[in-house]
Trainee: 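Below are the structure tokens for one structure; questions will follow.
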Amino acid sequence: MSTKDQSITSKTTNKADRHQEKLFLADVKAIIIEAGLGKTRSAILKKQLIVYGGQYHRSIQSDTTHIIASKNIKLARLCTILKIDTIPSNLIVVDADWLSQSLTKGQLIDVGQFNLVKRVQPKTTSVQLDKALTKDDNAATLEHGKKEQIKRHSDASPCTDNSDHNEVPPASQKRPLEEKKISSPVWLKIKRGRFSKTNTKKRAIDNSNIIHQPLDSDSDYVESDDDNNANTSEIEMVLSQLPAKYTAKPSSSWACARPSSLPVKNRNKHITDILEILQKKYENLGDQWRVKGYTKAISSIKNYPREITTREEAEAIPNIGKRLADKIWEIISCGHLRKLDYMDNDVQTALNVFTKIWGAGPATAHNWIAQGLYTLDDIRAKAKLNYHQSIGLKYYDDFNERIPRAEVVEIEAVIREEATAIEPGLEVITCGSYRREKPTCGDVDILISHPNGRSHQGAYHKLLRRLQAKDFLTEILVNQDVDIDHQKLLGVCKLPEEGRKYRRLDIIVVPYREWACSLLYFTGSGHFNRSMRLLARKKRMHLSEHAISVGVLRKVTACSVLKYGNQKLTRGTPVPTKCEADIFALLGLDYLEPKDRDC
DNA sequence: TGGCGGTACTG
DNA sequence: CAGTAC
DNA sequence: GCCA
């Protein structure tokens, strides 16, 4: 993980080397058994085998190395086709997926789990499940039952790719980049958003009209009796005034309406892996909308309980339309996407590296490449960087490293200590992926407020000064000081001990009336937030990091204007919320624990 | 065919 | 305003 | 990219 940039730091390679590397099937001399694979797929596999340096044999020859077959084929059938009694011991009988996935990766992958026969007895016996799965069982099995296939897929990951995080470098990553001029940056041609960004005139956040908690006169505490439904009566009151169609419970097609599935294993990793590469490509192109489409589709596939086997099946899955269904079908039938072959992997690799510099996005990355820069060393030496990017580059490795939960706890402790030294009652809570209970985090998101509704004021600046004074907060990237109630820091911190990494740290201070919405927002996930926002909108509400409002009319049509309290509105009326559960309730959703919002 | 979040920073 | 990030 |  830490050495991802080294791979492209030197750049001297010629065409011959490159072609050489592409012939990764040179040692594969194989027979492809059409039965069970289908004409199309076996034809494509054959072609690809040859393209990448392998040899295709029509029958067993002295130097044949592999027999490539469907994992469903029976041993007896195989022997019949090959006109033999037993499989010669020098031949490896391998699931066609092995070849497919190798093609996808651009390199040979371990044959282990794809091995269909391990020193086989010529007899076709249907073996017991547990026996078949035993590692060193020789009587292994061409009699794959469905159960076995499932097992096979569920533990497929370790071999194909043992990094769950987005480490998957493009197959060519280790290859140095070549100089190459880009004619006209493709991404420039992407048409920009058609709408003229509804002119948001510098409008300070005004929640002034938020209907506050009773916040009784001057007594400090609106005691939050720690349970989760202190506010329910009020929420129910609001709900009771809404039309029934807005209070109905949303179907589980909403990502925010179902717990993110821990139990569901991705049975279509072979598909999502490829789609994720494509998605990356569009990300690098700056095509945010297509990326969003892919995001939803990939997420749907990952939650799909079975292996997808037909085009129709794919298209029936939500968020998968005709075009993705076609791609999926190509992946299923040939094991890989031709579209990927046309991608310029050098450029893609450089883009992936560059956009991981904090502060650099697709546009900047393309500019650099257009200037002939391809490696981080190039950037260090020649690129013009703004302040953000220079910090991003300086801490490139650290920032791209995940943070273990234990360290997040340490960082949080430092901040809490300083915060409570300033103002004892301050609430300090770490949100983001930490709160969603992920094992590692990309950054540390800390939300701060004060239950009395006002003592958060001023704490922010004192806190920053303290953290800087002890050299904990080392860089300030963005210091967003909106008004007396809202501050946000995007910065960099490092724990004091020697050898600690520099970590991205976000600190957000909000007034307590916004606690619930902020907590919800900064806990995410992003996808979950989007889903919830969309749902809110559908229900004529509006959800933001500041508040949730009811009675929002987007286009001012003359239809019934909802009322709450005594205010008429077009922008909606913010509903006071005390905890996240209130927001779920308003939207008619069952409450989800943070860990279940990881979609 | 248009919408897919809204906002605030940097340069 | 474009680009980036949350 | 998908969907209404």
Side-chain angles (χ1 to χ4, degrees), chain A residues 187-188 190-206 253 275-276 278-279 281-283 285-301 314-315 317-328 339 354-355 357-367 384-392 399 431-432 442-447 476-483 486-491 504-508 517-518 521-538 542-547 549 552 554-555 571:
Chain A
W187 66 277
L188 280 176
I190 294 218
K191 62 172 177 225
R192 299 217 138 262
R194 329 158 172 90
F195 41 83
S196 56
K197 253 216 168 144
T198 43
N199 217 350
T200 43
K201 340 185 150 85
K202 296 277 175 193
R203 178 177 69 75
I205 311 170
D206 69 335
S253 64
L275 295 185
E276 273 164 359
L278 267 184
Q279 181 187 32
K281 171 186 145 164
Y282 290 118
E283 229 174 280
L285 277 170
D287 189 343
Q288 51 163 323
W289 301 124
R290 205 172 298 244
V291 170
K292 288 200 166 72
Y294 272 81
T295 304
K296 292 172 90 173
I298 290 170
S299 170
S300 296
I301 297 174
E315 200 169 346
I317 300 174
N319 300 313
I320 293 181
K322 187 171 181 319
R323 317 185 54 165
L324 271 178
D326 285 346
K327 289 187 175 62
I328 291 171
K339 199 175 166 82
F354 290 171
T355 52
I357 299 174
W358 200 89
T364 314
H366 270 99
N367 274 335
K384 188 171 180 305
L385 302 169
N386 64 27
Y387 175 67
H388 287 172
Q389 292 155 357
S390 66
I391 300 298
F399 286 0
C431 307
D443 62 5
V444 183
D445 297 302
I446 293 194
L447 181 64
I476 294 180
L477 291 159
V478 173
N479 189 347
Q480 196 166 321
D481 193 353
V482 178
D483 59 35
H486 303 85
Q487 293 92 22
K488 171 147 77 178
L489 166 88
L490 311 184
R504 277 276 299 105
L505 169 68
D506 295 352
I507 298 178
I508 303 102
C517 286
S518 297
Y521 175 79
F522 290 109
T523 299
S525 65
H527 184 50
F528 178 86
N529 286 351
R530 274 196 295 277
S531 169
M532 213 160 177
R533 266 193 316 253
L534 214 59
L535 175 62
R537 160 186 304 220
K538 197 133 282 172
H542 181 267
L543 177 62
S544 78
E545 60 182 284
H546 300 297
S549 308
V552 177
R554 314 208 74 222
K555 279 179 185 160
R571 251 220 294 13

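Chain naming here is simple, since letters A, B, ... match the order of the sequence lines and numbering starts at 1 in each. Because the structure is predicted, anything quoted here is derived from the model rather than measured.
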Trainee: A:N319 side chain: which of D:dC3, B:dA8, B:dT10 is closest?
Mentor: D:dC3
Trainee: Classify the nucleic acid contact of A:I508 as base, sugar-phosphate or nothing, counting any heavy atom under 4.0 Å across all strands shown.
Mentor: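 Touches nothing.
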Trainee: How are the rings of A:Y294 and A:Y282 set relative to one another: parallel (under 30°), tilted (30 to 60°) or perpendicular (over 60°)?
Mentor: tilted
Trainee: Remember a base hit wins even if backbone is also touched, and classify A:K384 as base, sugar-phosphate or nothing at under 4.0 Å, heavy atoms.
Mentor: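 It contacts nothing in the nucleic acid.
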Trainee: Provide, to the nearest angstrom, the distance between the CD1 atom belonging to A:I507 and the P atom belonging to C:dC6.
Mentor: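 For the pair A:I507 CD1 and C:dC6 P, the rounded distance is 14 Å.
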Trainee: If I take atom CZ in residue A:R290 and atom C1' in nucleotide B:dC4, what distance separates them, rounded to the nearest angstrom?
Mentor: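 In whole Å, B:dC4 C1' and A:R290 CZ are 14 Å from each other.
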Trainee: Give a yes/no on whether any side-chain N or O of A:W358 is located under 4.0 angstrom from OP1 or OP2 of C:dC6.
Mentor: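 Affirmative; the distance criterion is met.
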Trainee: Not counting sequence neighbours, which residues clear ring pair (Phe, Tyr, Trp, His ring centres under 6.0 Å) with A:F528? List them please.
Mentor: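 Counting only residues at least two positions away or on another chain, A:F528 forms no ring pair (Phe, Tyr, Trp, His ring centres under 6.0 Å).
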Trainee: Looking for any heavy atom pair under 4.0 Å, which part of the strands does A:L477 touch: base, sugar-phosphate only, or nothing?
Mentor: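 Since no nucleic acid heavy atom lies under 4.0 Å of A:L477, the category is nothing.
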Trainee: Checking all strands, does A:R323 fall into the base, sugar-phosphate, or nothing category for heavy-atom contacts under 4.0 angstrom?
Mentor: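 Sugar-phosphate, backbone atoms only, no base.
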Trainee: In whole angstrom, what separates A:D506's CG from B:dT7's C1'?
Mentor: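 About 15 Å, once rounded to whole Å.
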Trainee: Which sits closer to the 5' end of DNA chain B, A:V478 or A:Y521, going by the nucleotide each is nearest to?
Mentor: A:Y521
Trainee: Could you work out, with side chain to side chain donor-acceptor pair (under 3.5 Å) as the rule, every residue matching A:E315, not counting sequence neighbours?
Mentor: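 Listed in chain order: nothing, the list is empty.
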Trainee: If you take atom types as modelled and just measure distance, does the side chain of A:R530 reach the base of B:dG5 with a donor-acceptor pair under 3.5 Å?
Mentor: no
Trainee: Which whole number of Å gives the distance between the P atom of B:dC4 and that of C:dA5?
Mentor: 22 Å
Trainee: Compare the minimum distances between each of B:dG6, C:dC6, C:dG3 and the side chain of A:R504, then state the nucleotide with the smallest one.
Mentor: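 Nearest to the side chain of A:R504 among the choices is C:dC6.
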Trainee: Whole Å only: how far is the NZ atom of A:K488 from the P atom of B:dC9?
Mentor: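 That distance rounds to 10 Å.
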Trainee: Quick one: is A:R537 getting a side-chain N or O under 4.0 Å of the B:dG6 phosphate, OP1 or OP2?
Mentor: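 Looking at the OP1 and OP2 atoms of B:dG6, one of them is under 4.0 Å from a side-chain N or O of A:R537.
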Trainee: When the P atoms of B:dG6 and D:dC2 are compared, how many Å lie between them, rounded to an integer?
Mentor: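 My reading of the P atoms in D:dC2 and B:dG6 gives 23 Å.
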Trainee: Go through C:dC6, B:dG5, B:dC9 for me and flag the one nearest to the A:Q480 side chain.
Mentor: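 Nearest nucleotide to the side chain: B:dC9.
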Trainee: Does A:K322 have a side-chain nitrogen or oxygen under 4.0 Å from the phosphate oxygens OP1 or OP2 of D:dC2?
Mentor: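 For D:dC2, OP1/OP2 do not have a side-chain N/O of A:K322 under 4.0 Å.
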Trainee: Applying the 5.5 Å / 30° rule, does A:F522 stack onto the base of C:dC6?
Mentor: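 Whether judged by distance or by angle, A:F522 falls short somewhere, so it does not stack on the base of C:dC6.
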Trainee: Rounded to the nearest angstrom, tell me the gap between atom CG in A:L535 and atom C1' in D:dC3.
Mentor: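 Going from A:L535 (CG) to D:dC3 (C1'), I get 16 Å.
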Trainee: Could you tell me if the side chain of A:I391 sits less than 4.5 Å from the side chain of A:W358, heavy atoms only?
Mentor: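 Side-chain contact under 4.5 Å: no.
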Trainee: Please measure how far the P atom in C:dC6 lies from the corresponding atom in B:dG3, and state the result in whole Å.
Mentor: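 Nearest-Å result for C:dC6 against B:dG3 at atom P: 27 Å.
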Trainee: Ignoring hydrogens and angles, tell me if any N or O in the side chain of A:S300 forms a donor-acceptor pair with the backbone of A:K296 under 3.5 Å.
Mentor: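 Yes, A:S300 side chain to A:K296 backbone: donor-acceptor pair under 3.5 Å.
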Trainee: Any side-chain N or O of A:T364 less than 4.0 Å from the OP1 or OP2 oxygen of C:dT4?
Mentor: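 Looking at the OP1 and OP2 atoms of C:dT4, one of them is under 4.0 Å from a side-chain N or O of A:T364.
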Trainee: Between P on B:dG11 and OH on A:Y387, what's the gap in Å once rounded to a whole number?
Mentor: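 After rounding, the reported distance stands at 9 Å.
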Trainee: Whole angstrom is fine here: how far is it from CD1 in A:I391 over to P in B:dT10?
Mentor: 13 Å
Trainee: Could you check how far CD of A:Q389 sits from P of C:dG3, rounded to whole Å?
Mentor: 12 Å
Trainee: Taking the side chain as every heavy atom from C-beta outward, state whether A:D506 and A:K488 have any pair of such atoms under 4.5 Å apart.
Mentor: no
